[in-house]
Chemist: 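Let me give you the structure first, and then I'll get to my questions.
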Amino acid sequence: MREPPWMLVTHHQGDVSKAEVGVRAGGEIRRAPDELAGRTMLEVLGEWDELAPTLRALDPDRLDPVPGAVLAAPLLYPRKVLCAGANYYAHLAEMGVARLDGDVAPYFFFKPPTTSVVGPDDAIVLPDRAGRKIDWEVELAAVIGRRCADVPVERAYEVVAGWTIVNDISSRDLLERADAVAPPFGHDWVLAKAGDTFCPLGPGIVPSWMVGDPQATALRLSVNGVVKQDSSTTDMVTPIDRLIAAASRAVTLEPGDVIATGTPAGVGFPRGDFLAPGDETVAEVDGVGALRNHVTEREDVSWAR
C-alpha cells in the first residue's frame, strides 16, 4: 500500500497530556509549521478552512524533526465516532446475507471516543471473559472539518478535512443476546462494539486533497503477517458521500468527528478465527498509511481504574 507524502499526527515526548499536532513524513515525526505549532488536532480541525492554505503549501522537508517523539491517536479525542455497519457486498455475503438491490439506508452505531480510541502501536486489550470472540475490521474513515447538518450528497466531501484508518474491533460473542427482553432487542451493538481499546485509530490524518478517489481505494488487514482482508472501497453498498449525508441528517457533525465507512470481506467470524494475546494487526489503506497494533490480555480487572 502507498504511504502518503505526509500526514498530520499527534505526538508527545512521554507525557500524553502535552500532546500536540505535528507532521509525519518518510517515517519521521516533524514539528508543525508555525501556524499550527502548539495546537491540538481538534483545534486545527476547528479552523480547518482557515489553515488549509498553509497545509496545501506545506513542505515537510523544511520542518525540524522531533527527537524522541511518540505517536498517539491523531485525535485525543474525536467528538463522535460514528460507524457504518454492513456496508460491503462481499462482507454481507460472507456473513450469510443475500445481496442487496437498489438504494439501502445506511446503518450506524457509535463507539465511545475516550475509552475505545487508541493510537498506533497501542494495545488492543482483550476482555477477561470466557468464550470471547474478538474480531478485526479495517475501515477507511472520514474526519470532519466543518460543523454541519443535513448536508446534500453532492456537497458531502466538502465537509471532510481528511482521511484516517479505523480498526473496528468487535466482540462477536456479545452481539446476539439470548436474554433479550424481546426479539426486536436481540442484538446488542454496545456490548459488541464499544469495548475499551476497540477503536484503534490512525496513524494520522491525510488531508482530503491528497487522497485521489476515496471511492476507489484499496484497503487491507493482516494478522501476524497473514492477509485477512484485501479489498477496495468500490465494493461499498452505500457510497461515502451518501454515508456522510445520512450521518449529518442523524446528528449534527462537528470538526473532529470520525465516520468509519464499513469493512470489507475477510473478518474472522465466518471462519471462527479470532484475535489472541501476542497477535499483531496491521490495517492499511492505500494513500492513507498503515495502523499497527498488538493484542494483549487485560491485566487489571479491578473495578476502579
Side-chain angles (χ1 to χ4, degrees), residues 1-48 50-52 54-79 81 113-125 140-145 160-167 196-197 199-211 255-258 260 280-285 287-294 296:
M1 297 282 181
R2 291 177 302 117
E3 286 283 326
W6 59 268
M7 65 180 73
L8 291 175
V9 296
T10 293
H11 67 87
H12 60 90
Q13 291 177 292
D15 184 352
V16 72
S17 69
K18 297 179 180 179
E20 61 183 275
V21 71
V23 174
R24 185 184 183 198
E28 186 175 48
I29 300 172
R30 308 177 187 221
R31 299 195 186 282
D34 291 344
E35 294 87 343
L36 279 66
R39 302 195 193 201
T40 66
M41 192 73 77
L42 272 179
E43 290 170 338
V44 170
L45 289 165
E47 299 181 34
W48 189 256
E50 293 79 9
L51 293 171
T54 296
L55 294 171
R56 286 180 179 273
L58 188 146
D59 179 359
D61 291 336
R62 299 175 65 88
L63 303 174
D64 294 330
V66 184
V70 178
L71 280 182
L75 282 159
L76 296 170
Y77 290 92
R79 289 188 167 92
V81 178
T114 59
T115 52
S116 70
V117 169
V118 293
D121 300 315
D122 285 341
I124 298 166
V125 181
L140 172 65
V143 181
I144 300 302
V160 177
W163 303 93
T164 191
I165 303 169
V166 160
N167 187 356
D196 292 357
T197 77
C199 189
L201 175 72
I205 297 172
V206 180
S208 58
W209 58 83
M210 292 171 55
V211 176
D257 285 354
V258 172
E280 180 183 70
T281 66
V282 181
E284 301 173 84
V285 176
V288 180
L291 173 63
R292 188 181 305 269
N293 297 93
H294 58 284
T296 67

Chemist: By salt bridge (charged side-chain N to carboxylate O under 4.0 Å, His left out), which residues pair with R79, not counting sequence neighbours?
Modeler: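 Once residues adjacent in sequence are excluded, R79 has no partner under the salt bridge (charged side-chain N to carboxylate O under 4.0 Å, His left out) criterion.
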
Chemist: Considering non-hydrogen atoms only, spot the tightest contact between P4 and M210 and give its length.
Modeler: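 Smallest interatomic distance, heavy atoms only, reads CB-CE, 4.4 Å.
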
Chemist: Of the non-hydrogen atoms in L42 and Y77, which two are nearest, and what is the gap between them?
Modeler: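 In terms of heavy atoms, the two residues are closest at CD1-O, 3.4 Å.
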
Chemist: Dump the intermediate steps for side chain to side chain contact (heavy atoms under 4.5 Å, CB included) on T197 and D122, then the final yes or no.
Modeler: CA-CA 9 Å; T197 77; D122 285 341; over 6 Å; no

Chemist: For R292, does the CZ atom sit with more than 12 other heavy atoms under 6.0 Å from it, leaving out its own atoms?
Modeler: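 It does not: R292 CZ has 12 such atoms or fewer within range.
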
Chemist: Heavy atoms, side chains only, cut-off 4.5 Å: are I165 and P203 in contact?
Modeler: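 With C-beta onward as the side chain, the pair touches.
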
Chemist: Applying salt bridge (charged side-chain N to carboxylate O under 4.0 Å, His left out), can you list everything that pairs with E43, at least two apart in sequence or on another chain?
Modeler: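 Per chain and number, E43 pairs via salt bridge (charged side-chain N to carboxylate O under 4.0 Å, His left out) with no residue.
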
Chemist: Give the intermediate values and the outcome of side chain to side chain contact (heavy atoms under 4.5 Å, CB included) for residues D196 and V125.
Modeler: CA-CA 7 Å; D196 292 357; V125 181; over 6 Å; no

Chemist: Taking all heavy atoms of V282 and all of E284, pick out the closest pair and write down the distance.
Modeler: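 Smallest interatomic distance, heavy atoms only, reads CG1-CG, 3.8 Å.
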
Chemist: How close do P113 and P78 get, counting heavy atoms only, and between which atoms?
Modeler: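 Reported closest heavy-atom pair: CB-O, 3.2 Å.
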
Chemist: When you measure from the side chain of N293 to the backbone of G119, do you find a donor-acceptor pair of N or O atoms at a distance under 3.5 Å?
Modeler: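 Judged by distance alone, yes, a pair lies under 3.5 Å.
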
Chemist: Under the side chain to side chain contact (heavy atoms under 4.5 Å, CB included) rule, what do T164 and L201 come out as? Steps first, then yes or no, please.
Modeler: CA-CA 7 Å; T164 191; L201 175 72; 3.5 Å; yes

Chemist: Got a list of side-chain donor-acceptor pairs under 3.5 Å for residues 19-29, not counting sequence neighbours?
Modeler:
residue, atom, partner, partner atom, Å
E20, OE1, G38, N, 3.4
E28, OE1, R30, NH2, 3.3

Chemist: Taking W6 as the fixed residue, which of D61, V206, L55, L63 is the one that meets the side chain to side chain contact (heavy atoms under 4.5 Å, CB included) rule?
Modeler: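 Per the side chain to side chain contact (heavy atoms under 4.5 Å, CB included) rule, the option paired with W6 is L55, out of D61, V206, L55, L63.
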
Chemist: For residues A52 and W209, report the shortest heavy-atom separation together with the two atoms involved.
Modeler: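 So the two residues come closest at O-CH2, 4.1 Å.
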
Chemist: Donor-acceptor pair, distance only, cut-off 3.5 Å: does the side chain of T10 make one with the backbone of P74?
Modeler: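 Confirmed, T10 side chain pairs with P74 backbone.
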
Chemist: With rounding to the nearest 0.5 Å, note down the distance linking CG in L291 to OG1 in T281.
Modeler: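 The OG1 atom of T281 is 6.5 Å from CG of L291, to the nearest 0.5 Å.
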
Chemist: Could you walk me through whether L51 and R39 pass side chain to side chain contact (heavy atoms under 4.5 Å, CB included), step by step?
Modeler: CA-CA 12 Å; L51 293 171; R39 302 195 193 201; 4.1 Å; yes

Chemist: Less than 4.5 Å apart, side chain to side chain, heavy atoms only: is that true for V285 and V211?
Modeler: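 Side-chain contact under 4.5 Å: no.
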
Chemist: Between V117 and L75, which heavy-atom pair has the shortest distance, and what is it?
Modeler: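 V117 and L75 have their closest heavy atoms at CG1-O, 4.2 Å.
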
